[in-house]
Amino acid sequence: MRIALDPGPRDGPARVQLLADDGAPAGPVEVLADLAAVAALEREHAPRWVFARPRAYRRLLEAGVEVARAHDVELVEGLVVAAAGRYGQPHGLAAAVARLEGREPEPDPPDAGDGPPGLFEAGPAGDELAGVVAVHAAQQRALAAAGPAMRLLAAAESAGALVAEEMTAHGLPWRADVHDRLLTDLLGPRPVLGGRPPKLAALAEAVTAAFGGRPVNPDSPAEVLRAFARAGHELETTRSWELRRVDHPAVEPLLAYKELARLHAAHGWSWLRSWVREGRFRPEYVVGGVVSGRWASRGGGALQIPRAVRAAVRADPGRRLVVADAAQLEPRVLAALSGDHALAPGEEDLYTALAAREFGGDRAKAKLALLSAMYGQTSGGAGALLAGLRRRFPAALAYLEDAARAGEEGRLVRSHLGRTCPPARPGHEQPAAARARGRFTRNFVVQATAAEWALVLLAELRQRLRAAGSPARLVFFQHDEVMLHSPAEAAAATAEAVHDAAATAGRRLFDTPVRFPMQVRIVDGYDER
DNA sequence: TGGCATCGCGCC
DNA sequence: AAAGGGCGCGATGCCA
């Protein structure tokens, strides 16, 4: 059973309508006294809730209501539009309704699916619930025609919306005092009036001194290039890997400066002030925000938390962090996709196993070879390594090369479950553009399939925790890694649920002997191995 | 002053 | 011969 839901304006009534599984209305529109009434319907019917966008669920969470299953109309519309070769065209509810009615869709409103509260409530008066019902019915027809893989993808994407909103609501445990201590250790005391912290100021002066005393702003690539040019070093860029090859006394303080300045600018005291409240970091996740189906995030750089500050992520007293990451997910996905099972023979470290068989025990070399194959890299010695891979894993390499060729020829590629890449843009016939698109589609098939494996893992894990009445909460998700905040006594069971969910995710996507092991650690701090 | 492109680097 | 996928974000530098 399905129930369409319009949570309504913030101070107004919510409305619901019972639907058959094909999306046809199975009852009248009903007005709910409040969102808490949703909880009663959830207990009574355990339906799949059909709503317009993730923020609808945010409203439920604010009212203290969690649900088990959902169909997110705007997220699914994105999948359906892309599958028709029109990635990037409007997929908000209003646009979907317009298409159904044979009108030209308007561009999506800014931040479709997210954005500040009130944006949509204040939007043009329309029957939101009727739109949700009509578009959902059309999507059910499209998904039925596309097959079970697309239906699984739609369900997983929608489950992702539930997880994302719940993770934001719970927040990532973040110890501001620990973070502050880390910053002070690395940068010196926080400057009271802004400006550079002591250690950064000292390094900037050291750079200037190394260039003979003429002031050089190390934050300005242009100035740094000019300074090196005056010293007789013509550089292309000021990237650290290029600087490292230069023999000049300014290099060492400059590299040290860049590393610390990065920390200060991106995750320093102002970040802490902006993003951590009452011991929690609450980023906003953007489900399906990346073409490959990976999540993006808005605000706080949630998916780029540097290792240097991870010690600040600490479990509350009496709790533990259960941190799990999928081991070598992308090459395992490639093995399953291509049927080249020899590439991923078991649960052991895939690169080590590969190194032993092909690369003289050199794990780094094996990893570089595989990543190069999946990214389309051939420089830096990668080309020579590819030959060994191609000889040993012809099916896996052929899979990637087919995807690359499809891209170069302007065709579409799809993930295992049917997420579709954007169409080629005009100009893709130019050789350089064609090769770039080939690298993109080569990577897309793997990255997008890995992303949907991870989505299914999340959905399965969430379902297990709910079924068991677990007190553990999902608090972080980053491409191939999940973190839970769990009472200490439940941590072992939580870890088991992760392993179980991972195995199930593999089975739901593939009929394959390839395994998808998770490395799980139960720790107090995110920095602990 | 604000918008925008570029650079550079953090994460996967 | 050369060809590295996907992001977010802050600082700089240029422009209106």
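Side-chain atoms are counted along with the backbone in the values below, which use heavy atoms only and exclude waters and symmetry mates. A note on names: the letters A, B, ... follow the listed sequences, proteins ahead of strands, and every chain is numbered from 1.
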- Query: Are W174(A) and L272(A) close enough, and set up right, to give a side-chain contact (heavy atoms from CB on, under 4.5 Å), and what steps lead you there?
  - Reply: CA-CA 9 Å; W174(A) 199 285; L272(A) 191 53; 4.0 Å; yes

Rounded to whole angstroms, how far apart are [atom1] on [X] and [atom2] on [N]?
X	N	atom1	atom2	value
R239(A)	dG10(B)	CZ	P	13 Å
F476(A)	dC11(B)	CZ	P	11 Å
L225(A)	dT12(C)	CG	C1'	13 Å
W241(A)	dC7(B)	CH2	P	13 Å
R307(A)	dC11(B)	CZ	P	6 Å
L263(A)	dC11(B)	CG	P	10 Å
M483(A)	dC11(B)	CE	P	14 Å
D325(A)	dC12(B)	CG	P	9 Å

- Contact class for R310(A) vs. all strands (heavy atom < 4.0 Å): base, sugar-phosphate, or nothing?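 Sugar-phosphate contact only.
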
- Message: Over all strands shown, is S372(A) touching base, sugar-phosphate only, or nothing at heavy-atom distances under 4.0 angstrom?
- Response: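 No contact.
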
Return yes if a side-chain donor-acceptor contact under 3.5 Å exists between [X] and [Y], otherwise no.
X	Y	value
E284(A)	T168(A)	no
R244(A)	S240(A)	yes
R464(A)	T504(A)	yes

- Query: When rounded to the nearest Å, what value does the distance between P atoms of dC7(B) and dG4(C) take?
  - Reply: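 Approximately 16 Å lies between the P atom of dC7(B) and that of dG4(C).
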
- Query: Of all residues at least two apart in sequence or in a different chain, which pass the salt bridge (Lys or Arg N to Asp or Glu O under 4.0 Å) check with E166(A)?
  - Reply: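 Checked E166(A) against salt bridge (Lys or Arg N to Asp or Glu O under 4.0 Å); matches are R462(A).
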
- Query: Can R196(A) and D219(A) be counted as an ion pair, charged N to O under 4.0 angstrom?
  - Reply: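 Salt bridge present between R196(A) and D219(A).
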
- Along nucleotides 2-11 of chain C, 5' to 3', which nucleotides get a B, which get an S, and which get a -, given that the test is a protein heavy-atom distance under 4.0 Å? -BBBBBBSSS

- Message: H416(A): which residues meet the ring-ring contact (aromatic ring centres under 6.0 Å, His included) condition with it, sequence neighbours left out?
- Response: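 H416(A) satisfies ring-ring contact (aromatic ring centres under 6.0 Å, His included) with F510(A) only.
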
- Query: Side-chain N or O of S240(A) less than 4.0 angstrom from OP1 or OP2 on dC9(B)?
  - Reply: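 For S240(A), the contact criterion (side-chain N or O under 4.0 Å from OP1 or OP2 of dC9(B)) is met.
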
- Message: Check this one for me: any side-chain N or O of K258(A) less than 4.0 Å away from OP1 or OP2 of dG8(B)?
- Response: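 Checking dG8(B) against K258(A), no side-chain N or O comes under 4.0 Å of OP1 or OP2.
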
